[in-house]
Peer 1: 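Supplied in structure tokens, the structure appears directly below.
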Amino acid sequence: MDFLATSLLTALALGSVLFLLAVGLSLTMGLMGVLNLAHGALFMVGAYLGAQVAEVGLEFWSSAIIGGLGAGLVGLILDRGVLRHLHRRFDDQVLVTFGAIFILTNLSRWIWGSWPKIGHLPDYLAGSFLIGDYSFPFHRVVLIGVGVIALVVVLGLQKKTQVGRAIRAGLDNKEMLMALGVRYEAIATGVFVLGAFLAGFAGYIASPMMGVSLRLGLDALLLALVVVIVGGTGSVAGAFVGAMLIAFAHTFIAVYYQEFAMFGVWSILILVLLVRPSGLVSQTR
Amino acid sequence: MGRIVSLTLGLALLAMVAVGCGDDEPSGPVKIGLALELSGAGAASGPLVEEGIRAAFAEVNNEVEGRELTVIVEDTASDPAVSLDKVRKLVESDNVDLILGPIFSNAAQGTAPYLAEQKIPNISIYQHPADITKDPYIYAAGGTLKDATYVLGQYIYDELGYRSITTLGIDYVAGWDFVGGVVQGFEERGGELVQQQWHPFGTFDFAPFLTTLEEADAIVVWPLSDAAPVLLRQLNEFGVDLPVVAAWAGGAVDEALLGDMGETAVGVHSVSYYAPLIDTEANKEWLESFTAQTGADPRGDGHFLGYRTGQLVIEALKRSGGSTDPDELSEAIQGVELDTPAGRFSFDDSRFGRQSFYIIKVDKVGDEYRHVPIREIPDVYFGF
């Protein structure tokens with residue numbers, strides 16, 4: 001029973017991280033029809049930048065915010081500098097953003113070296129608590145909390161604000177929206193940058209669980225893509241459902257059949273593509 | 001007209017012959033290809049090895065037997081496919097006479113047969129599986145993966161008194177053999193292996209493995225450098241209070257990474273080729289001259305092993321009289337014997353290296369975390 005509890009908490013923590021990582025990607029794909037393969041690299045940049053400022057003594061949450069801002073800045077450059085010129089050129093977007101992964105990974109290597117880094121935890125987050133016979137790190141429970149807050153905030157933005165309404169409208173009919181005078185390009189960029197910020201922020205707060213290494217660029221991307229495809233693009237709820245489903249599959253399979261964890265994840269992806277290709281929480285198109 | 005044509009043809013033929021012979025001339029440079037893990041999971045070691053090799057060559061002014069030593073470096077990215085590509089490039093485009101590396105065993109398993117086929121002598125740096133020398137021209141200077149860890153397995157039974165162990169290793173040949181060597185040495189003494197777990201490449205969240213851990217006297221791990229700090233912290237977080245044994249120091253408790261790991265690594269026992277804290281005159285002298293030359297302050301065994309590999313190459317070339325003919329050079333490599341700051345080195349007939357290994361313990365020395373050498377075990381080669 002306690003063992004189930006620790007696995008449940010681990011799955012929820014991983015799901016929160018995946019949600020923060022994937023929500024930006026999901027909205028960008030749905031809203032702008034842009035596939036940004038460098039999204040995982042933004043997660044990595046946030047992790048490295050956050051770890052760097054933490055090393056010189058900055059507090060945990062501030063470091064995470066700096067990591068997010070750095071990732072957001074990179075996202076801004078990517079969107080305004082590159083992607084806006086590739087409107088509807090899907091193949092080129094894939095190539096360019098894929099190349100961006102290597103540029104960002106090698107820049108990180110140039111700045112921070114090939115050594116992995118370790119996330120620094122403040123004392124109030126570093127402890128563990130007992131669940132029956134099992135010890136569970138407190139920090140992971142905090143991750144769950146962050147995930148819930150993020151979900152509430154982003155959903156609130158989407159449902160209750162003008163901008164949120166514009167985004168939802170834009171997902172259905174971009175041209176009409178622009179004809180009504182809404183500054184669609186600005187909103188799209190804003191969504192992109194927000195998504196980048198969340199990914200970078202997630203990269204740092206998840207670092208005690210996922211490490212800070214050059215591998216994150218690709219590893220995070222694979223997970224983000226699976227979550228977005230399974231959950232459905234263009235949807236905050238979809239990103240959340242997808243993230244939790246993948247996190248649970250990965251965690252619970254890993255416990256019993258460690259080698260099959262990723263196999264399980266990919267199997268879910270294939271199943272969803274076969275049965276409901278627009279994703280579990282899809283907008284009807 | 002006819003005479004001009006034949007004269008031109010003759011000159012052209014002569015020129016071609018001269019150019020074709022040029023590479024075989026023993027006064028041209030010796031081209032040494034380094035296939036090293038400069039990025040990816042092995043990036044903790046590659047750059048240090050390169051620095052060590054270059055330092056050894058610089059000491060002889062990059063020249064042996066009248067021939068210049070030219071080093072060409074390629075990054076294997078810690079990937080077997082990339083390693084083979086880069087080695088091919090070094091052989092086919094750069095025309096190297098000798099290849100050093102790669103470090104990773106899964107990469108070497110691919111490059112060794114290719115190099116044997118191409119007749120390019122290959123000196124490896126770190127350990128490899130016991131069957132790597134089934135191909136000719138490969139000199140596995142680092143020994144087999146199980147050699148060092150076997151003696152660690154015996155040590156933890158004899159000296160630390162453990163009677164049962166649970167293991168958690170990375171799921172590829174180096175993980176299997178490093179951990180396997182410890183298990184073999186341990187079981188042969190009468191110890192019990194309670195549980196074995198293997199985690200895939202790229203695992204950063206060890207929760208599934210740590211929550212299913214069974215009771216034992218100690219846990220033996222080997223995760224590769226980039227996951228090591230996270231694993232050690234998570235052992236703490238999940239309340240695993242078993243003593244930790246790192247099957248092999250490099251890739252688990254690399255001395256250069258101890259700063260990041262801090263207290264979580266203190267008390268871990270392991271085994272290594274070398275530790276800068278080895279307390280002999282020979283070692284202190286070597287460290288002084290190495291630091292003076294390169295500005296580097298060695299941590300772990302990367303610099304030392306690179307330097308030793310460089311020395312190996314120099315000695316081999318001296319023995320072969322500067323010849324880089326594959327068979328002559330190979331024979332010369334086989335016969336090399338070195339007195340190093342970490343003990344004596346020579347090649348066994350099996351083309352594996354025979355050398356000392358050091359049992360080390362991670363501890364705080366002053367305000368730094370270091371490998372403290374506890375015991376030297378000389379002349380190690382078992383071949384399994």
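In what follows, chains carry the letters A, B, and so on, assigned in the order in which the sequence lines appear, proteins first and then strands, with residues in each chain numbered from 1.
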Peer 1: Select, from A:S213, A:A126, A:G127, A:P137, the one with the greatest count of heavy-atom pairs under 4.5 Å involving chain B.
Peer 2: A:P137

Peer 1: Which answer fits A:L14, side chain, backbone, both or neither, if we ask what part of it has an atom under 4.5 Å from a heavy atom of chain B?
Peer 2: neither

Peer 1: Between A:F60 and A:Y204, does the ring-ring contact (aromatic ring centres under 6.0 Å, His included) criterion hold? Intermediate values first, please.
Peer 2: CA-CA 9 Å; A:F60 185 77; A:Y204 183 69; 5.3 Å; yes

Peer 1: Side chain from CB out, backbone as N, CA, C, O: work out which of these in A:T10 comes under 4.5 Å of a heavy atom of chain B, or both, or neither.
Peer 2: side chain

Peer 1: Is a side-chain N or O of B:Y273 found less than 3.5 angstrom from the main chain of B:G142, in a donor-acceptor match?
Peer 2: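 Yes.
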
Peer 1: For the pair A:S62 (side chain) and A:L58 (backbone), establish whether a donor and an acceptor sit closer than 3.5 Å, ignoring hydrogens and angles.
Peer 2: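 No, because the side chain of A:S62 does not come within donor-acceptor range (under 3.5 Å) of the backbone of A:L58.
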
Peer 1: Indicate yes or no for a side-chain donor-acceptor contact from B:D171 to the backbone of B:W198 under 3.5 Å, with no hydrogens or angles considered.
Peer 2: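 A pair under 3.5 Å: no.
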
Peer 1: Taking B:E50 for its side chain and B:V73 for its backbone only, find out whether a donor-acceptor pair lies under 3.5 Å.
Peer 2: no

Peer 1: Examine whether an atom of B:L38 lies under 4.5 Å from a heavy atom of chain A, and if so say whether it belongs to the side chain, the backbone or both; otherwise answer neither.
Peer 2: both

Peer 1: Top residue by heavy-atom pair count (under 4.5 Å) with chain B, among A:G211, A:P208, A:A254, A:S128?
Peer 2: A:P208

Peer 1: A:R140, A:H139, A:M262: which one forms the most heavy-atom pairs within less than 4.5 Å of chain B?
Peer 2: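 Of the candidates given, the most pairs with chain B belong to A:R140.
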
Peer 1: Between B:D217 and B:P243, is there a side-chain heavy-atom distance shorter than 4.5 Å?
Peer 2: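 The answer is no, as the side chains (C-beta and beyond) never meet within the 4.5 Å cut-off.
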
Peer 1: Please rank B:V230, B:T212, B:L257 by heavy-atom pairs under 4.5 Å with chain A and give me the top one.
Peer 2: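 Winner by heavy-atom pair count: B:L257.
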
